[in-house]
There are 2 protein chains.
Amino acid sequence: MISQKSKYALRALLALARIAPGETMRIAAIAARETIPKKFLEQILLELKRAGFVASRRGKHGGYLLLRSPEEIVFGDVLRLMEGPFVPLGCLSRGGHRPCTDCRDRRLCAVRRVFARVVAASDEILDGTTLSDLLSDPMGGLAGEPEEWSGAMRPISLVKM
Amino acid sequence: MISQKSKYALRALLALARIAPGETMRIAAIAARETIPKKFLEQILLELKRAGFVASRRGKHGGYLLLRSPEEIVFGDVLRLMEGPFVPLGCLSRGGHRPCTDCRDRRLCAVRRVFARVVAASDEILDGTTLSDLLSDPMGGLAGEPEEWSGAMRPISLVKM
DNA sequence: CTAATATCTATAAAATCTATAGACTATTGC
DNA sequence: GCAATAGTCTATAGATTTTATAGATATTAG
């Protein structure tokens, strides 16, 4: 499962992407509009600020704004920041850190190999989607209800994310 | 991240896939060979038994064996059993249960749409891989070290699974 | 009968996720 | 300068989930 924190971060960034460039939006306004606990959102926005996604102004008329354009903000980057050094298996993290302690030989770990493919497929989507992709096509080309989805759009998989 | 439990389950099934058909393998033997806590493994094997993946014999000379052939045991099915009703977002679970409580309109939820695509891509791999795929190709066609992986095989993505 | 082995229920220990609290700092308008 | 507004920072609490362990029970072989 993606964490609430990541979901909140993505929604907050989308909210900021909808305001006029150069304008700011207050934490309280984002929290209210996106239904996010304000104090939790504060921490999330600070993380996003430290990572260079957003900037802030303090004091009266303060608030947050995007530091990069929506075309440059990639879903995968936001998730990597919010979720920490995560892949489906610890031993798949960058540089091979966090090795399994219970896996005799990484090269022979069958589980590892399958999930490496899942990671690659997920990355292709997450690193190929930006905020602007979602802004320009708010309904994703769908006209019906989610209940009417079929085929590739149907949420069937249950792998934990 | 995939849970330890799922990883243990997959490794246990692979261990059972390697023994002769009709033979059994004791819990203690699987635990030792795959470096899995024995008592934890007991619970996992019971779940796998209830779901029809394996069968067991009690008493002396008891143990576990696969109830389906390795060609019929699909990674996705095992994960769905072990991880529960999971998708990257609660509102993507089967039948649309577990709706977001903080998302105004599911049809407009941009985050939801992106992750629906991730789910579909992951499923394609997980539901297309069986135990026998891994048995017949233990090295996955790779000759070098994981550190030498490149391109699509490199574990870059950090989406939490 | 006894030893080996799986079964079952409960609980403990640890980690993580989510959220809240409260004091502090900076900016603006008057 | 002062008050109001709004972001910053550190700590911690509460809840949930994950991981693992304990111990009593049931079954089978010999």
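In what follows, chains are A, B, ... by sequence order, proteins preceding strands, each numbered from 1.
Residue contacts shown for B:K38 are absent, as no nucleic acid heavy atom lies under 4.0 Å away. Within 4.0 Å of B:L45, counting heavy atoms only, lies no atom of the nucleic acid at all.
Residue B:R50 places at least one side-chain N or O closer than 4.0 Å to OP1 or OP2 of C:dC8. Residue B:Y8 places none of its side-chain N or O atoms closer than 4.0 Å to OP1 or OP2 of D:dT19. At the phosphate of C:dT7, OP1 or OP2 sits under 4.0 Å from a side-chain N or O atom of B:K49. Distances shown here put a side-chain N or O of A:S56 below 4.0 Å from the OP1 or OP2 atom of D:dT8.
Side-chain N/O atoms of B:Q43 and base N/O atoms of D:dT21 include a donor-acceptor pair closer than 3.5 Å.
A residue-by-residue look at A:K5 and A:K39 shows that A:K5 has its nearest nucleotide of DNA chain C further toward the 5' end. Closest-nucleotide positions on DNA chain D for A:G62 and B:S6 were compared, and the one nearer the 5' end corresponds to A:G62.
Regarding A:I44, its CD1 atom lies at a distance of 14 Å from the P atom of D:dT8, rounded to whole Å. Atoms CE (A:M25) and P (D:dG7) sit 11 Å apart, rounded to a whole Å. Computed from coordinates, the A:E42 CD to C:dC24 P distance equals 16 Å when rounded to whole Å. Between A:F40 atom CZ and C:dC17 atom P there is a gap of 10 Å when expressed in whole angstrom units. We find that CD of A:Q4 is positioned 12 Å from P of D:dT17, with the value rounded to whole Å. In this structure, A:L46 atom CG and C:dC24 atom C1' are separated by 13 Å, rounded to whole Å. Atom C1' of nucleotide D:dA6 and atom CG of A:L65 are separated by 14 Å, given to the nearest angstrom. Regarding B:L41, its CG atom lies at a distance of 14 Å from the C1' atom of D:dT21, rounded to whole Å.
The pair A:E34-A:R18 meets the salt-bridge criterion, with a side-chain N (NZ, NE, NH1 or NH2) lying under 4.0 Å from an Asp/Glu carboxylate O. Using a 4.0 Å cut-off between charged nitrogen and carboxylate oxygen, B:K5 and B:E47 count as a salt-bridge pair.
A:G52 and A:R68 make their closest contact through O-NE, 3.4 Å (heavy atoms, listed as atom of the first residue, atom of the second, distance).
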Can you tabulate the close N/O pairs, meaning under 3.5 Å, that link protein atoms to atoms of nucleotides 28-30 of chain C?
unit_1 : atom_1 : unit_2 : atom_2 : d
C:dG29 : OP1    : A:H61  : NE2    : 3.1

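A distance-only check finds no donor-acceptor pair linking the side chain of A:D127 to the backbone of A:E124 [under 3.5 Å]. Here the side chain of B:E72 pairs a donor or acceptor atom with the backbone of B:S69 at under 3.5 angstrom.
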Original post:
Can B:V114 and A:L134 be said to form a side chain to side chain contact (heavy atoms under 4.5 Å, CB included), step by step?
Top reply: CA-CA 9 Å; B:V114 173; A:L134 298 174; 3.7 Å; yes
Original post:
Would B:E71 and B:T130 count as a side-chain hydrogen bond (donor to acceptor under 3.5 Å, both in side chains) if you check the C-alpha gap in whole Å, the side-chain angles of each, and the deciding distance to 0.1 Å?
Top reply: CA-CA 6 Å; B:E71 297 79 33; B:T130 67; over 6 Å; no
